[in-house]
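Working notes for the structure below.
Quick note on labels: first sequence line is chain A, next is B, and so on, each numbered from 1.
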Amino acid sequence: MATLTTPAPIPVEARAYPVGHEPVHNYLREPRPADDVRGLARAWAWFKLWATTVDHKRIGIMYLVAVSVFFSVGGLLALGIRTELFTVNVRDAAGAVIGGNIMEADTYNRVFTMHGLVMVFLFIIPSIPATMGNFLLPIMIGAKDVAFPRLNLLSLYIYVGGACLALVAIVLTGGVDTGWTFYTPYSKETGTAVIWMAMGAFVMGFSSILTGLNFIVTIHKMRAPGMTWNRMPLFLWSIYATSIVQILATPVIGITLVLLTMERVLGIGIFDPALGGDPVLFQHFFWFYSHPAVYIMILPAFGVVSELMGTFSRQRVYGYRAVALSSVAIALLGFLVWGHHMFTSGQSPVSSVVFSMITFLIGIPSGIKIFNWVWTMYKGSVWLKTPMLYALSFLFLFTIGGVTGIMVGALAVDIHLHDTYFVVAHFHYVMMGGTVMAFLGGIHYWWPKMTGLLYNETLGKISAFLVFVGFNLTFFIQFVMGSQGMPRRYYDYPDMPWLEPLHRVSTIGSYVLGLGLMVVLVNGLISLFSKKTKKAPGNPWGGATLEWTHTTSPPDHHNFHHTPLVTHGPYDYEVLFHTSGDSQGGAPVPDVEVGGPQEMDQTVDDGTRQPDSATDY
Amino acid sequence: MATLPTVTVDDPHVAHGDGHHDGHGHEEHMLVGHDGQLHPSNLRHYFVSSEQQFESSKLGMWLFLSTEILLFGGMFVAYGIFRVLYPEVYEAASLQLDTVLGALNTLVLLLSSLTMAWAIRGAQMDNRRVLIGNLVATIALASVFLVVKYFEYTHKFHEGIFPGINFQLEDGTERVSDFTGATELKPVFEVTPHEAEHTEGGESAAEHMEDAASLAGGASSVALGDPVAVEEAGPGVALDEAVAGESERAEAAAPGELAREAAEEGGEREINKETIFKERRAGLFFSIYFVMTGIHALHIVIGIVAIGFLTFFSVKGRYSSVWYTPVENVGLYWHIVDIIWIFVFPLMYLI
């Protein structure tokens with residue numbers, strides 16, 4: 001209970017509220033420091049507000065900043081790798097390297113390992129769920145917040161703590177040189193800071209688990225009236241499937257990394273053949289998490305692309321249930337295929353065959369999605385804004401990544417392609433061509449909602465073009481190199497000088513890709529800080545999900561004035577805009593401003609009404 | 001400005017001080033919400049009803065428990081794999097564990113689950129005496145468990161039973177395995193003796209067979225590839241012997257069986273409680289024993305801390321039949337810790 005004194009009496013006729021019912025605080029306004037706090041004190045006040053917020057929107061934005069930073073770090077490391085491979089090293093008669101390289105072999109090992117670790121654990125796993133998932137999930141189901149807001153903030157802090165542990169590893173020994181997979185026995189023998197890095201990944205696992213747990217409970221328990229499972233946006237279905245994987249798989253990497261640490265500290269010998277242990281057991285443990293983890297990375301991307309396809313084709317997403325359930329199917333099948341990473345590790349032929357077969361099965365739900373997205377565009381009114389360009393890139397690149405995945409999933413072919421650049425190209429097509437494209441598309445799509453500002457469309461299109469071209473230059477050629485026998489994780493290729501031109505193309509492509517990503521960053525900064533930036537309307541794209549139809553840009557502090565009553569599906573553009581994609585004949589989005597609570601026609605009084613505007617009385 | 005109107009409202013932003021400026025707070029009593037209606041004090045503003053809040057918390061806890069099961073699942077898998085590989089070592093090594101103390105601890109944990117459930121009932125019945133009494137009893141029982149565990153551990157350490165590499169073998173026992181690897185892998189494509197003769201030179205075949213022959217313990221020095229012996233007998237004989245060793249190896253269905261065979265053929269001792277300190281792979285069993293029971297004990301400690309908080313807040317009168325979610329959730333956690341022990345105990349101590 002608090003006793004407050006109102007600052008000054010308000011003239012009776014100007015009062016919006018009955019006497020005695022004046023809100024002391026505007027619940028819809030984002031908390032901000034008092035106006036008279038200035039200078040450093042104001043900065044500190046802002047910092048405290050953000051550091052202690054439990055608002056899912058602010059937590060999502062903080063995650064976005066963090067993953068962007070780590071994406072840049074991982075990207076710079078990648079450029080280092082590509083630059084090293086630009087030329088074959090020049091050697092003197094004795095075989096010593098005298099030129100043509102920018103780093104030693106040991107350094108190279110650390111660089112590619114840290115590239116993998118940063119990209120996997122610090123960027124791509126939290127990328128879409130923790131940023132867009134946090135920001136959008138409660139809004140999309142019509143809730144005020146996630147089920148456990150403080151746990152949500154805790155997961156952010158745990159994530160930062162894990163990142164700090166990884167940082168210690170870098171400071172101590174310049175990073176780890178085991179590859180991101182930490183395979184024993186080398187990870188037991190190497191002198192680099194494996195323990196710090198493993199503990200960093202272990203701690204970040206907690207963050208991942210808490211996020212997934214929060215999302216599942218929120219989706220199960222906090223949907224607004226009328227928000228049935230079959231009215232949930234497809235993004236939520238994919239986030240739901242992701243969360244299942246996060247909860248069921250992450251503990252296994254946790255115990256694996258703990259066992260690895262104990263192996264190094266206590267010599268428990270579970271992975272040490274000299275003591276009767278088994279290093280292949282480590283691979284089983286590791287991939288039991290890390291294969292499902294690739295679905296943690298790609299499933300949210302499917303969700304984002306579903307949203308983009310619907311909105312920018314002005315058409316209901318074709319095969320809603322098939323797309324929704326295929327996410328869940330992929331999540332469940334994803335637990336049964338980890339052995340396909342170990343075809344050459346000496347597992348029994350029978351299990352290899354079974355793993356290979358189940359791997360092929362995953363192609364079915366993935367194919368269902370691809371075909372449904374294509375059908376969504378068919379006869380739709382496709383609107384080529386920046387997010388849609390990224391979505392189309394996704395469709396193209398992920399299909400290549402998926403089909404080559406079937407190729408390396410085939411037993412005989414994999415014996416040839418295992419640990420070559422073919423595999424490198426395959427998973428970059430899925431992870432970067434898939435997840436990162438969807439991430440960029442989603443960021444552009446929801447940027448107006450998150451910031452309340454529009455971005456420069458021309459710069460956006462330039463960036464989409466550069467990223468697409470740069471990505472293909474970098475990685476398509478790696479399929480060729482891999483099939484010719486270029487092994488992954490090698491810092492030089494003296495026996496294969498004919499690959500040098502291909503490596504050069506790849507390296508140049510990586511610079512183009514880096515440039516494209518720079519354009520994205522610059523575009524965002526311009527949007528944030530330029531005075532000319534236009535304010536975003538509530539629904540700039542004509543989306544039909546709740547975050548577009550029922551909230552302002554950016555959303556109010558508690559998202560909704562009233563709990564929304566959901567009466568239509570997530571892609572019912574006909575119902576909302578009295579039009580369908582086909583009838584528009586290619587015309588852009590209808591000029592409808594749906595955003596803003598005042599536009600809402602239906603509300604349900606469930607006891608959460610807030611007297612925050614004069615029209616309530 | 002003499003008569004400033006004073007308004008008393010629930011304002012979480014103010015009431016909660018600097019930590020929560022955004023309305024995610026709660027108060028001790030029935031409150032007037034910002035909608036002018038009465039709300040239960042523990043109902044957070046983003047939930048519609050107390051039921052919704054309670055069920056959300058409980059679902060969250062169940063999901064967390066599933067992660068616990070998977071965490072221990074990894075260790076159970078490791079246990080199972082090495083049990084299949086070295087059943088005789090496991091049997092002998094488990095004799096080192098004190099079944100009586102293990103059973104005592106099982107009993108103690110089961111009792112503590114009872115008191116925990118009883119405490120929840122106390123909260124539901126608004127009976128604070130029952131609640132606090134049972135929480136304290138649970139802490140006491142959990143502490144008894146840890147004390148017993150402490151005596152078990154120190155006894156093991158005293159006997160030189162440490163995990164893995166630190167397992168104190170008897171003097172004269174070779175530390176490096178008598179195998180080149182723990183699990184011999186069956187080749188993907190079986191090479192028949194006939195093919196082997198054609199495709200591999202005698203020398204390299206003998207070399208290739210060296211480890212296989214050494215596995216068989218009592219194999220002749222010819223098959224072992226001893227250069228002098230090979231020269232005397234001629235390469236053909238060496239190859240024949242080596243191939244014979246290979247086909248024997250191929251017949252062995254699993255690495256575990258292979259190990260047993262090797263032990264039997266070598267005329268080695270039978271592994272039992274007394275000779276366990278000559279068995280270097282016993283360290284592996286105790287690795288898993290210490291890791292599993294250690295992480296389990298860590299969970300007990302976490303549980304004690306959590307129940308300690310519950311007791312503290314119970315004394316302050318925080319929980320009642322209206323709101324006892326933390327009691328319920330910690331209770332669930334405590335039961336899962338108990339159930340995990342119910343599986344650890346027979347696997348480690350009894351079989």
Proximity breakdown for [X] and chain A, heavy-atom pairs closer than 4.5 Å:
X       : result
T67(B)  : both
F290(B) : neither
L63(B)  : both

Between [X] and chain B, which part of the residue has a heavy atom less than 4.5 Å away: side chain, backbone, both or neither?
X       : value
V146(A) : backbone
H284(A) : neither
M262(A) : side chain
I247(A) : both
L259(A) : side chain

Only pairs of heavy atoms separated by less than 4.5 Å count here; which of A147(A), A51(A), S348(A), A143(A) has the most with chain B? A147(A)
Taking everything shown except [X] itself, do over 12 heavy atoms lie less than 6.0 Å from its [atom1]?
X       : atom1 : value
F157(B) : CZ    : yes
F313(B) : CZ    : yes
F206(A) : CZ    : no
W50(A)  : CH2   : yes

I216(A) CD1 to S66(B) OG distance, which is reported to the nearest 0.5 Å: 8.0 Å
For G269(A) and L284(B) the tightest heavy-atom approach is O-CD1, 3.3 Å
Smallest separation among heavy atoms of L213(A) and G60(B), with atom names: CD1-O, 3.5 Å
L266(A)/V291(B) under side chain to side chain contact (heavy atoms under 4.5 Å, CB included): CA gap, chis, key distance, verdict: CA-CA 10 Å; L266(A) 300 172; V291(B) 170; over 6 Å; no
Heavy-atom pairs under 4.5 Å with chain A are the metric here; pick the option from V77(B), I69(B), L71(B), I288(B) that has the most. L71(B)
Heavy-atom side-chain contact between L281(A) and F82(B) under 4.5 Å: yes
Is the shortest heavy-atom distance from the side chain of M222(A) to the side chain of Y46(B) under 4.5 Å? yes
Which residues in residues 49-59 of chain B have any heavy atom closer than 4.5 Å to a heavy atom of chain A? Q52(B), E55(B), S56(B), S57(B), L59(B)
